[in-house]
Protein chains: 2
Amino acid sequence: MTRKEVDSPDAITFPMSEEDGISFELIELLFFAYRDFVADPDTMLASLSYGRAHHRVLHFVNRRPGITVANLLDILAITKQSLARVLKQLIEDGFITQQQGDSDRRQRMLYPTVKGRELALEISKCQARRIEEALQTLPPETKQASKAFLYAMIEPQGRPIVRSLNHGLEALNVIEPAPSSRRK
Amino acid sequence: MTRKEVDSPDAITFPMSEEDGISFELIELLFFAYRDFVADPDTMLASLSYGRAHHRVLHFVNRRPGITVANLLDILAITKQSLARVLKQLIEDGFITQQQGDSDRRQRMLYPTVKGRELALEISKCQARRIEEALQTLPPETKQASKAFLYAMIEPQGRPIVRSLNHGLEALNVIEPAPSSRRK
DNA sequence: TAAATTAAGTCAACAATGCTGACATATATT
DNA sequence: AATATATGTCAGCATTGTTGACTTAATTTA
């Protein structure tokens, strides 16, 4: 009962748990699953000294060939600087090419090269393999349920973008009239 | 047919799509869902000039009060330096306290303070709210299915850690006999 | 008991990827 | 002709990850 025992006057010794009415399990599952999910691409790209940012740019340019820089910024939700840095390298290294916009010649439309498509596919295959292996062990309705859950986790404003990537809505420029918020 | 049209000799103009046999939808859902999922904590912690790294440390110390530095490194899978930087601040600012290990006095057992617990709970509540709101719109079996999916997405070696956080396995030190791989 | 190992802390340095603000250039729009 | 837009670029900063080396204290082993 001396001062010795009062070392850390307010150390809490019992764990934060589901009893607090919070689903810690899902919170942590998202953390660990996402970490392992991006580890594969990270490893593959390390040999090219590319990182996660390069991967994202490459991915979305492959999913939307001809996308403009501005629309790409909307999808990635990063600043022009952050994009420019990695985009420059991808172009220099011949994974992506630019073409002047047809209607608006200020625009730069981005396309993957053959080399860029191959790399994007290789990485996506690897990620898809992990997903398919996970789903294999589970009942078939799991896939649809997980999609629905993840979709509902996305901010409503972001959802049209996700949809447009899958059903070929050309509406990318219509989506989010871009009140010139981001994109400094 | 002049050179003009051969601008970008190998620009690919058709999108990478599910026809390549890859579930791009799930890949992208994971990306967007995770991004929005961590945006809330990021915002909340910005006022304290803390980042994502601080959040993770605070979270797991609250989930496993008394955890040692070495075990925390195993969970986070980062280097000692990366941990030290943020842990130091959290201790200085009174969110976490240290106590010498009982059996092994080299160890530093980490505990949240009252203040630290409150902050961790506040953030977790916010994340849980987003999860619950997403699930509300969906059939009840979605939660279990999503848990199972995310769990299966985690590398097998990592799974016992996730489990131990939820059922109170004291076994954290037993989990992964730590062949002294990481933790430089 | 002496030597080796381990847990933790620290230092210096570096890399990736976010951010800001400012400014230039070409092109469109009003 | 004036203004606005799309892109590119410069300089600089913050966070968070990395490496490798070294210290101190405590434990374990030979």
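Keep in mind that the numbers below use all heavy atoms, side chains included, and drop hydrogens, waters and symmetry copies.
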Tell whether [X] reaches the base of [N] with its side chain through a donor-acceptor pair below 3.5 angstrom.
X: Lys80(A); N: dG8(D); value: yes
X: Arg106(A); N: dT5(D); value: yes
X: Arg85(B); N: dG9(C); value: no

**Request:** Please check if the distance between the ring centroids of Phe60(A) and Phe31(B) is under 6.0 Å.
**Result:** yes
**is_close_aromatic(Phe32(B), Tyr151(A)), centroid dist under 6.0 Å** = no
**Fill in**
Here the residues of residues 48-56 of chain B within 4.0 Å heavy-atom distance, strictly under, of DNA chain C are none
**Parallel, tilted or perpendicular, as decided by the 30° and 60° cut-offs, for the rings of Phe37(A) and Tyr34(A)** = tilted
**Request:** Name the residue closer to the 5' end of DNA chain D, choosing between Asp104(A) and Lys88(A) according to the nucleotide with the nearest heavy atom.
**Result:** Asp104(A)
**Asked** For the side chain of Ser47(B) and the backbone of Met44(B), is there at least one donor-acceptor N/O pair under 3.5 Å apart?
**Response** yes
**Request:** Say whether, by atom type as modelled, one donor and one acceptor occur between the side chain of His54(B) and the main chain of Gly51(B) under 3.5 angstrom.
**Result:** yes
**Complete:** Looking only at dA26(D), dC19(C), dA8(C), the nucleotide nearest the Gln107(B) side chain is dA8(C)
**Message:** What's the closest nucleotide to the side chain of Arg108(A) if the choices are dA28(C), dT7(D), dA8(C)?
**Reply:** dT7(D)
For the pair made of [atom1] in [X] and [atom2] in [N], what is the distance, rounded to whole Å?
X: Met109(A); N: dT27(C); atom1: CE; atom2: C1'; value: 16 Å
X: Gln100(B); N: dA26(D); atom1: CD; atom2: C1'; value: 9 Å
X: Leu87(A); N: dA6(D); atom1: CG; atom2: P; value: 17 Å
X: Leu72(B); N: dA7(C); atom1: CG; atom2: C1'; value: 14 Å
X: Asp102(A); N: dA6(D); atom1: CG; atom2: C1'; value: 15 Å
X: Asp42(B); N: dC19(C); atom1: CG; atom2: C1'; value: 13 Å
X: Leu58(A); N: dT17(C); atom1: CG; atom2: P; value: 13 Å
X: Leu73(A); N: dT7(D); atom1: CG; atom2: P; value: 8 Å

Any side-chain N or O of [X] under 4.0 Å from OP1/OP2 of [N]?
X: Gln98(A); N: dG8(D); result: yes
X: Thr79(A); N: dT20(C); result: no
X: Arg105(A); N: dA26(C); result: no

**Item:** Step-by-step salt bridge (charged side-chain N to carboxylate O under 4.0 Å, His left out) determination, Arg63(B) to Glu28(A)
**Value:** CA-CA 10 Å; Arg63(B) 286 283 277 160; Glu28(A) 285 149 10; 2.6 Å; yes
**Item:** Test salt bridge (charged side-chain N to carboxylate O under 4.0 Å, His left out) applied to Glu25(A) and Lys143(B), step by step
**Value:** CA-CA 11 Å; Glu25(A) 200 178 355; Lys143(B) 183 169 186 172; over 6 Å; no
**Message:** Quick test of your reading of the model: are Arg130(A) and Glu155(B) salt-bridged, counting only N-O distances below 4.0 Å?
**Reply:** yes
**Asked** More 5' along DNA chain C: Gly101(A) or Gln89(A), using each one's nearest nucleotide?
**Response** Gln89(A)
